[in-house]
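See structure below.
We count residues from 1, following the sequence as given.
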Amino acid sequence: MTAMWRVRVVCCTLSMLSLSCGGDIKAKTCSDVRQAYTAKGFSLVNVPHQEMSGEHLRVCPQGYTCCTSDMEEKLGQQSKLEFENLVEDTSQTLRTTLVSRHQQFDEFFLELLDNSEKSLNNMFTRTYGKLYMQNSELFQDLFTELKRYYTGGNVNLEEMLNDFWSRLLERMFQLLNSQYHFTDDYLECVSKYTDQLKPFGDVPRKLKAQVTRAFIAARTFVQGLMVGREVANRVAKVNVAPACIRALTKMLYCPYCRGLPGLKPCHNYCHNVMRGCLANQADLDPEWNLFIDAMLLVADRLEGPFNIEAIMEPIDVKISEAIMTMQENSMTVSAKVFQGCGQPKPSGMGSSRSARGISDVFNARFRPYSPEERPTTAAGTSLDRLVLDIKKKLKQSKKFWSNLPDEICIKDKLTESDEEQCWNSHAKARYFPEVVKDGLTNQLNNPEVAVDITRPDTLIRQQIMTLRVMTNKLRNAYNGNDIFFQDSSDEGSGSSSGCTEGCTTEFVFVGPEAPVVGADRSDERASAAAGSAPHPSRPSLPLLLTLSLTALSWSRR
């Protein structure tokens with residue numbers, strides 16, 4: 001009796017299990033998963049039609065699943081690819097803005113220099129004719145050196161401008177005193193009186209201050225746009241760590257394995273994953289914000305006292321005014337030069353008539369060009385409009401890298417707005433853990449991504465240093481000073497850096513009256529040099545004293 005009862009119980013249990021299992025299999029089909037999986041471009045070969053036990057899974061929950069080990073691996077690769085694309089797409093606007101604005105400013109400044117040179121050449125030819133054409137290389141050299149400085153050449157603007165006025169004085173002194181013969185030594189003596197006699201009035205001093213500050217600001221600002229562009233491009237190529245790939249797979253594709261391919265992750269869940277995966281990018285943000293602030297400061301200068309457009313467009317008029325001043329004071333200047341350098345010998349050609357002819361030519365007052373004759377600038381725009389536009393864009397880019405997870409985890413785009421109907425890493429339910437703060441050090445307790453906070457990303461640290469170096473240059477440009485990089489790689493390249501084998505990169509701050517010590521060949525070199533250093537190098541006290549004494553001795557020569 002007891003034995004029969006046991007047999008009946010066993011039979012009933014087996015029947016119930018059979019019905020239960022049959023019903024469960026029927027309810028847990030993988031058809032939706034198969035459809036979503038093939039839509040991603042994967043083959044359906046070996047993809048199950050019904051759920052199976054998930055002990056083989058390494059990332060997703062090990063309950064009943066629609067994923068094989070091969071599927072989980074492929075979905076992991078897909079997660080990495082999609083994450084990389086998300087970062088690039090989200091930063092696309094910032095990167096394209098920096099690329100386009102760098103190109104606009106660069107084209108504008110180069111065209112401005114070309115147009116200023118053409119304007120001077122045309123009007124000096126019309127006003128002074130053959131006399132100018134015979135001495136035109138003097139003015140061509142001026143614009144050549146200005147362009148070379150702007151494009152990153154080893155040019156000391158102040159020394160170059162001083163040399164221009166000295167050479168112009170020599171030429172004009174000979175033309176206005178053509179009845180005399182002057183040796184090279186005599187002309188060198190004449191040039192020494194440039195500062196003392198002020199033959200060109202106050203134009204050289206004013207123009208030197210204006211040109212130097214404007215060109216430093218213009219060149220540094222364009223370099224800043226280039227550095228910002230390069231940093232953004234490099235940081236957007238995110239380095240995806242294995243722990244991040246696992247977290248991304250769990251967030252984006254483990255719903256597939258649970259038979260819920262259309263289920264989006266919870267908003268806060270996405271934030272924790274992204275803050276873990278983008279922890280190093282967030283650490284770039286403080287230096288990025290300082291860099292943007294410095295760019296905005298220099299942009300203000302470009303609109304105001306350092307406006308290169310306002311200085312270069314009338315430069316031909318200013319130089320002509322200086323020539324007029326020299327001609328009007330020629331007798332006084334010549335007398336003082338003769339007194340200081342000695343009485344020159346007559347040329348023996350009886351050229352008093354030619355001297356009068358030259359005087360008549362210089363008396364032809366230079367006519368400033370009218371508004372309709374003003375050269376057109378790049379894209380028919382003005383510097384003020386370009387600066388107004390870039391300032392708006394730069395302000396929008398502040399806190400970009402710390403806000404990157406927010407931009408990626410936009411509700412209804414990547415994440416589910418309904419906090420009760422979203423994927424929480426295990427099931428379709430609310431996500432309870434708190435969102436961690438951004439930055440590497442705050443990821444120690446990230447519940448979703450195992451971040452090694454002791455190993456910062458090398459590439460990001462290099463970009464932080466690159467921004468720091470550029471920010472220093474911008475701050476100096478704001479004050480009208482230049483900053484050059486004394487680099488051992490300049491050795492043998494014609495640089496006057498005096499750097500010997502084994503010396504390290506130093507930052508040399510050059511004020512308005514100091515000579516160039518080394519030169520910034522290009523921003524790429526500066527960025528590379530900065531990126532290779534783990535910490536910003538600072539000149540020691542003895543080094544600063546040496547540089548100061550060197551600069552002082554040069555300035556007295």
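- Salt bridge Glu88/Lys237: present, at least one basic N to carboxylate O contact under 4.0 Å.
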ask   = When you look at Cys67 and Leu57, which way does the side-chain contact (heavy atoms from CB on, under 4.5 Å) test go after all the steps?
value = CA-CA 8 Å; Cys67 287; Leu57 298 179; 4.1 Å; yes

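- With sequence neighbours excluded, no residue forms a salt bridge (Lys or Arg N to Asp or Glu O under 4.0 Å) with Glu73.
- Under the 4.5 Å side-chain criterion, counting only non-hydrogen atoms from C-beta, Glu309 is in contact with Ser382.
- Nearest approach of Arg430 to Asn424, heavy atoms of both residues: O-ND2, 3.2 Å.
- Residue Asp106 holds its CG atom at 9.5 Å from CG of Leu225, rounded to the nearest 0.5 Å.
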request  = Tell me, with the steps shown, if Gln462 and Thr458 meet side-chain contact (heavy atoms from CB on, under 4.5 Å).
outcome  = CA-CA 6 Å; Gln462 288 174 348; Thr458 304; 3.9 Å; yes

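- Within the 4.5 Å cutoff, side-chain heavy atoms of Cys270 are placed close to those of Met251.
- If you check the side chains of Gln421 and Asp418, you find no donor sitting under 3.5 Å from an acceptor.
- Counting only residues at least two apart or on different chains, the ring-ring contact (aromatic ring centres under 6.0 Å, His included) pairs with a member in residues 214-255 are Phe105-Phe221, Tyr253-Tyr256.
- Taking 4.5 Å as the limit, some side-chain heavy atom of Ile308 sits within range of a side-chain heavy atom of Leu112.
- One side chain, Arg95 or Ser91, offers a donor N or O that lies under 3.5 Å from an acceptor on the other.
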task = Starting from the C-alpha separation in whole Å, work towards a yes-or-no answer on side-chain contact (heavy atoms from CB on, under 4.5 Å) for Thr97 and Leu394.
result = CA-CA 9 Å; Thr97 295; Leu394 289 172; over 6 Å; no

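- The pair Asp70-Lys74 meets the salt-bridge criterion, with a side-chain N (NZ, NE, NH1 or NH2) lying under 4.0 Å from an Asp/Glu carboxylate O.
- With hydrogens and angles disregarded, a donor-acceptor distance shorter than 3.5 Å links the side chain of Ser402 to the backbone of Lys399.
- Ile460 pairs with exactly one of Val231, Asn280, Val238, Asn239 by the side chain to side chain contact (heavy atoms under 4.5 Å, CB included) rule, that one being Asn280.
- Among all heavy-atom pairs drawn from Val449 and Asn446, the shortest one is N-OD1, 3.2 Å.
- Residues Lys398 and Asp293 are paired through a salt bridge, judged by an N-O separation under 4.0 Å between the basic side chain and the carboxylate.
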request  = Starting from the C-alpha separation in whole Å, work towards a yes-or-no answer on disulfide bond (SG atoms under 2.5 Å apart) for Cys257 and Cys60.
outcome  = CA-CA 7 Å; Cys257 297; Cys60 296; 3.8 Å; no

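- Side-chain N or O atoms of Gln443 include one that pairs as donor or acceptor with a backbone N or O of Lys437 at under 3.5 Å.
- Of the inter-residue distances, the one linking Leu383 atom CG with Glu303 atom CD reads 8.0 Å to the nearest 0.5 angstrom.
- Summarising the geometry of Ala310 relative to Asn307, their closest heavy-atom pair is N-OD1, 3.0 Å, with the distance given to 0.1 Å.
- Residues meeting the ring pair (Phe, Tyr, Trp, His ring centres under 6.0 Å) test with Tyr150, sequence neighbours left out: Phe109.
- Counting only heavy atoms from C-beta outward, the side chains of Pro61 and Cys254 approach each other to under 4.5 Å.
- Within the 4.5 Å cutoff, the side chain of Asp438 has no heavy atoms near those of the Asn403 side chain.
- Between Val155 and Leu146 there is no side-chain heavy-atom pair separated by less than 4.5 Å.
- For Asn445, there are no side-chain contact (heavy atoms from CB on, under 4.5 Å) partners two or more places apart in sequence or in a different chain.
- Comment: Asp482 does not engage Lys473 in a salt bridge, judged by the lack of any side-chain N to carboxylate O separation of less than 4.0 angstrom.
- Counting only distance, with no hydrogens or angles, the side chain of Asn481 and the backbone of Ala477 share no donor-acceptor pair below 3.5 Å.
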message = Pair Arg101, Leu386 - check side-chain contact (heavy atoms from CB on, under 4.5 Å), show working.
response = CA-CA 8 Å; Arg101 297 317 185 273; Leu386 285 176; over 6 Å; no

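- Interatomic distance, OG1 of Thr29 versus NE2 of His49, reported as 8.5 Å (0.5 Å rounding).
- If you take CG on Asp285 and CD1 on Ile464, they are separated by 10.0 Å, rounding to the nearest 0.5 Å.
- Here CZ of Arg475 is found 14.0 Å from OG1 of Thr220. Values are rounded to the nearest 0.5 Å.
- Of all heavy-atom pairs between Met312 and Ser116, the closest is O-OG, 3.1 Å.
- Between Lys264 and Cys422 there is no side-chain heavy-atom pair separated by less than 4.5 Å.
- For the pair Arg213 and Phe306, the NZ or CZ position fails the cation-pi test of under 6.0 Å to the six-membered ring centre and within 45 degrees of the ring normal.
- Proximity of Val235 to Leu284: side-chain heavy atoms (C-beta onward) are separated by under 4.5 Å at one or more points.
- Within 6.0 Å of atom CG in Asn46, 12 or fewer heavy atoms from other residues, nucleotides or ligands are found, so the atom counts as exposed in its surroundings.
- The two residues Leu94 and Ala232 make their nearest non-hydrogen contact at CD2-CB, 4.4 Å.
- Remark: the backbone N or O of Val59 is paired with a side-chain donor or acceptor of Glu72 at under 3.5 angstrom.
- In this structure, Asp389 contributes its side chain and Arg385 its backbone to no donor-acceptor pair below 3.5 Å.
- The environment of Glu420 atom CD is dense: over 12 non-hydrogen atoms of other residues, nucleotides or ligands sit within 6.0 angstrom.
- Under a cut-off of 6.0 angstrom, the local environment of NE2 in His56 is crowded, with over 12 non-hydrogen atoms contributed by other residues, nucleotides or ligands.
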Below 3.5 Å, can you tabulate the donor-acceptor pairs from side chains in residues 271-279 to any protein atom, sequence neighbours excluded?
residue, atom, partner, partner atom, Å
His271, ND1, Asp406, OD1, 3.2
His271, NE2, His267, NE2, 3.3
Asn272, OD1, Val436, N, 2.9
Asn272, ND2, Tyr431, OH, 2.9
Asn272, ND2, Glu434, O, 3.1
Arg275, NH1, Val436, O, 2.7

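- To the nearest 0.5 Å, the span separating CZ on Arg258 from SG on Cys66 amounts to 10.0 Å.
- Among residues two or more places apart in sequence or in another chain, the ring pair (Phe, Tyr, Trp, His ring centres under 6.0 Å) test is passed with Trp401 by Trp288.
- Side-chain contact of Gln78 with Lys40: a donor-acceptor pair under 3.5 Å is absent, judged by distance alone.
- Of all heavy-atom pairs between Ile408 and Thr90, the closest is CG1-OG1, 3.6 Å.
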